[in-house]
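Quick note: numbers below take in every heavy atom, side chains included, and nothing from hydrogens, waters or symmetry partners.
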Amino acid sequence: MTRPSFRVFVTKHHGGLTSVVLLRRFRVLFDAPMPAAMAVDQETALARLAPQAALLTEDADAAARYLWTETLELRRIEVDIHPGRPDPRGYVIAAATVPIRLGYAAAKLDGSPLHRVLVPRFDWSFVAEDLAAVPDTVRALVFSSLVGDAAASLYDLRRELDEQIIEWSPIEAPIRTGGKATDATDPAPTLEAVGEDWVALSAARRLKAVVGVEPLFEQLAPSFADGKLPSLLLVGPRGAGKSTLVRRIARWLLEASRKGGRRRRLWATSADRIVAGMVYLGMWQQRCLMIVKELEGGSDVLYVDRLTDAMNPMSGGASITDLLAPAIVAGELTMFAECDEAELVRARQRNPALIDAMRIVRVPEATPAQVIAMLEPYGQRLDPAVMLSQDAARRLVELLAAFRRDTAFPGKALAFVDYCSLHKHATLSLGELTATFGAWSGLPVELLAPERALDTATIAKRLQTAVIGQDHACSVAGRVIARLKAGLDDPQRPVGALLFAGPTGVGKTELAKQLARYLFGDADRLVRIDMSEVTTGAAIARLITPSPAGTSLADRIRRQPLSVVLFDEIEKAHDAAFDLLLGVLGEGRLTDAFGRLVDFRMALIVMTTNLGAADPRPAGFSSDPDSAPDPSGAIRNFFRPELLGRLDAIVPFRPLPPAALERIVDLELDKLRQRPGFLARSLRLELTPAARSRLAVLGHDPKLGARPLRRTIEDLVVAPLAERMAREPTWRDATIRIGATGEGGDILV
């Protein structure tokens, strides 16, 4: 007989997290949710699940429902669900469907022809005679359960990347018996699953180094002398040291226990970790109540990181803080949390009783002198250690103040020192500091080093090598970057705000890409938003709502604030989208759907429009570009004055002359020469003037400008070459000559 063991439902989510849930045979009335945990990888998640599994083995009834000898096979089905939407005439079931892909498990019962079937996502369990009937049964159950649900909740069921069921036998320490040690702590399986004990991590020297918060901690220390710590709300900008102060308190708790006091724990968690894996109705609420039960009346502390995340309404309209607040207000639970000043205002409006029950501790941004004093002691605690010269330390503070406005001191300086340690930069002189900062931020060294000359003409020349025929536009963009280099840009607004106006296919998007390459060395630092798709309130909400995949505008700028943001075809957006842009362009800030600020002050904002480009001549192609119409009148008639007033420039793009199209042909062929197939075979590519002219003509479209050129080259040049390479595997080290023959100028490869 197979030895009994657990079965774990493992789900890999978008965003890189993995959740694990212990599967049980069936549930009973008033049953608690199945034990679950989440972490960045499966091994860590299982380690967090192990304490909960150990408690189950102590209960014979629970063990009988959670330990398996059968083999569970995971199968999958698809169900088309009709979502619902509110309507004044009643809740409407939509005609359209949302496809849901679900996994279910089946196991043949020992000594029986029957099969036990589990649907883990819904905590359903039943016994079936024939597995062939199970898909239709599950489909009917899921359909009846979900039909009419909001579309957003249905899409929540589509997010998982991978699911599997594993057999698991955790190795646990023997269960303690006899008297309780004086420093023993009460079991806390729920907190073990959702958090980490920073006191234990401090004892193991696994907690990040603490610098710069000692004066603030000394002010708080007298309130820690009593047996129970007060609830604290740490208020300050991102990077000011709020989390560092909590780590310092964790170290104090460790020191107090070593002096003979009772061992206390500081459980660090977040709203995401508390609700991780809680996919069934009532599960996350039950978990919050278990957290309260494990902390109530004790001396342990709960640290939930960002307060606003914990205050966001969940399913049913309640929030995590709604369930924790009664115990906090009553003084039965101690909680630490963080927010900034703007978030504090909103938090007080939402739950004033909770805010009043917490002691507000303001954590100010460190001064440049304080930051420089921190760098040496912090760098010496790292492995490998990092040492900056005095000149390098001053340059670092200057660069961070100029180019990383999204984060406060000292956090951004210490993050840079962490980067240096990770990449083995042990000692940094002034020159090495600038080069390393460039690698860390992506910014070019000539922009960072004050001793390096960089003027508008130099920048424009670099841009013109890839953006053909738009020298004026490149010069305007160059002025914006030169202003940043000189430190004359407004620190409370984006780096620049440019509106590119002109017909399709003349290089507007390409210039935005080249700006991202020049500033950050990578075209992926371009965040492109197609505003022709932002035509409804729901589409605007998606821009500012954090998503599990991290793909919304708010997510991407919060993750990488040094970016070029392209709002393409801005004139096609919903009117409400312009309200959003006013805040971005005017103050460099955006408030996301959770009330958190997103900092755009280090982003270069580019918008494109086709307004004013209408012309009887072919769009995007002209022999006389200077005669192109001026789009400024149409633009001023369409856009609000307050939006136009926030722009640095309206940049006209002219139709491309034939000579420019031929230069673009050369650029595209240069890219073709760098493809792996050409390099591996040592093939060379030459082009006759006639072929260049013919490709320029064939690659132009009256409505699309030069956009079809790449497809033309793929069809007329790449396809024949690929066919020959497939026929002749040994063909290599040759010169390929592309010409044009015949009256029609057909391309000959």
Flag for S532-D530: side-chain donor and acceptor within less than 3.5 Å: yes
Residues L656 and I468: closest non-hydrogen pair is CD2-O, 3.4 Å
Side chains of K508 and V506 in contact at under 4.5 Å (non-hydrogen atoms): yes
Would you please name every residue forming a side-chain hydrogen bond (donor to acceptor under 3.5 Å, both in side chains) with R556, sequence neighbours left out? none
Which atom names give the shortest non-hydrogen contact between A366 and V371, and what distance separates them? CB-CG2, 3.9 Å
Non-neighbouring partners of E510 that pass side-chain hydrogen bond (donor to acceptor under 3.5 Å, both in side chains), sequence neighbours left out: Q514
Qualifying ring pair (Phe, Tyr, Trp, His ring centres under 6.0 Å) pairs with a residue from residues 514-559, counting only residues at least two apart or across chains: none
Using the side-chain hydrogen bond (donor to acceptor under 3.5 Å, both in side chains) criterion, which residues pair with R348? Sequence neighbours excluded. D356
Taking all heavy atoms of A603 and all of V565, pick out the closest pair and write down the distance. CB-CG2, 4.1 Å
Distance-only donor-acceptor check, side chains T608 and E569, under 3.5 Å: no
Between R395 and E451, is the closest basic N to carboxylate O distance under 4.0 Å? yes
Is the closest side-chain heavy-atom distance between L433 and L399 below 4.5 Å? yes
Does T551 offer a backbone N or O that forms a donor-acceptor pair with the side chain of S547 under 3.5 Å? yes
Is the shortest distance from a Lys or Arg side-chain nitrogen in R362 or E341 to a carboxylate oxygen in the other one below 4.0 Å? yes
State plainly whether the residues D579 and R640 are in salt-bridge range, i.e. N to O under 4.0 Å. yes
Between side-chain atoms of residues 539-546 and protein atoms elsewhere (two or more places apart, or another chain), which donor-acceptor pairs fall under 3.5 Å?
from : atom 1 : to   : atom 2 : distance (Å)
T545 : OG1    : A541 : O      : 2.6

I'd like to know if R692 pairs up with D666 as an ion pair, taking the criterion as any Lys NZ or Arg NE/NH1/NH2 lying under 4.0 Å from an Asp or Glu carboxylate oxygen. yes
Shortest non-hydrogen contact from E338 to S243? OE2-OG, 2.7 Å
Take the angle between the ring planes of F437 and W440 and call it parallel below 30°, perpendicular above 60°, tilted in between. perpendicular
Any residue meeting side-chain hydrogen bond (donor to acceptor under 3.5 Å, both in side chains) with S693, in chain and number order, not counting sequence neighbours: E662
Electrostatic pair D309-R596, nearest N-O below 4.0 angstrom: yes
Can a salt bridge be assigned to the pair E446 and R462 using a cut-off of 4.0 Å between side-chain N and carboxylate O? yes
dist C474:SG -> L511:CG (nearest 0.5 Å) comes out at 5.0 Å
So, are D592 and R558 salt-bridged, with charged N and O less than 4.0 Å apart? yes
Looking at L519, L515, L562, L604, which one forms a side chain to side chain contact (heavy atoms under 4.5 Å, CB included) with R525? L562
For the atom pair CG (L344) and OG1 (T308), what is the distance rounded to the nearest 0.5 Å? 11.0 Å
Less than 4.0 Å between a side-chain N and a carboxylate O, is that true for R405 and E365? no
Distance-only polar pair, side chains of D715 and T712, donor-acceptor under 3.5 Å: no
Check ion pair D670-R673 (N to O, under 4.0 angstrom): yes
Taking NZ, NE, NH1 and NH2 as the nitrogens, is one of them in R238 or D340 under 4.0 Å from a carboxylate oxygen of the other? no
Here the pair of heavy atoms bringing A691 nearest to I738 is CB-O, 3.5 Å
For G588 against P494, the heavy-atom pair lying closest together: CA-CD, 3.9 Å
So CD of E587 and CZ of R601: to nearest 0.5 Å the spacing works out to 10.5 Å
In terms of relative ring orientation, are F639 and F578 parallel, tilted or perpendicular, with 30° and 60° separating the classes? perpendicular
Would you check, one step at a time, whether the test salt bridge (Lys or Arg N to Asp or Glu O under 4.0 Å) holds for E533 with K572? CA-CA 8 Å; E533 299 177 358; K572 297 181 180 179; over 6 Å; no
Interatomic distance, CE@M531 vs OG1@T609, rounded to 0.5 Å, equals 11.5 Å
